[in-house]
Amino acid sequence: MRAGSAGSTDQQYGSSNDREVALTKDCQFILTSFPMNERLVFNRTYAGYRGSLTFTEDLYDNL
């Protein structure tokens with residue numbers, strides 16, 4: 001999935017396998033699905049209310 005509009009920074013969401021595509025397209029990348037090779041995850045999800053807060057935090061961390 002890729003989001004962005006004219007004049008804004010492009011973002012790409014996906015797994016660790018998609019990171020290389022983001023690097024070649026020079027856009028920000030956010031890990032949102034498995035496999036996540038760069039992150040150890042015990043209790044973290046993007047589902048539900050707490051998940052949406054986690055996703056928002058990850059979005060702003062990458063700005």
Side-chain angles (χ1 to χ4, degrees):
M1 181 172 157
R2 188 171 174 169
S5 61
S8 69
T9 303
D10 289 334
Q11 297 177 343
Q12 185 169 348
Y13 310 99
S15 67
S16 294
N17 299 335
D18 301 322
R19 181 178 289 277
E20 292 298 321
V21 175
L23 290 174
T24 60
K25 294 185 178 185
D26 193 33
C27 60
Q28 293 179 343
F29 181 76
I30 299 172
L31 283 169
T32 56
S33 62
F34 291 102
M36 291 183 181
N37 299 332
E38 294 84 14
R39 183 184 290 176
L40 180 62
V41 179
F42 287 115
N43 188 15
R44 185 180 180 118
T45 182
Y46 290 138
Y49 177 75
R50 289 185 187 263
S52 65
L53 293 176
T54 302
F55 183 69
T56 304
E57 288 174 357
D58 287 347
L59 284 176
Y60 282 103
D61 283 345
N62 287 315
L63 289 179

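Because the structure is predicted, anything quoted here is derived from the model rather than measured.
- If you take CD1 on I30 and CZ on R19, they are separated by 10.5 Å, rounding to the nearest 0.5 Å.
- T54 pairs by the side-chain contact (heavy atoms from CB on, under 4.5 Å) definition with R44, Y46, D58, not counting sequence neighbours.
- Rounding to the nearest 0.5 Å gives a distance of 9.5 Å between CD of Q12 and OG1 of T32.
- The two residues F29 and Y13 come nearest to each other via the heavy atoms CE1-C, 4.3 Å.
- Other members of the cluster containing V21 do not exist, because no ILVMFWY side chain is joined to it at under 4.5 Å.
- Remark: L53 pairs with Y49 by the side-chain contact (heavy atoms from CB on, under 4.5 Å) rule, at least two apart or across chains.
- Contact check for K25 versus D10: no side-chain heavy atoms found under the 4.5 Å cut-off.
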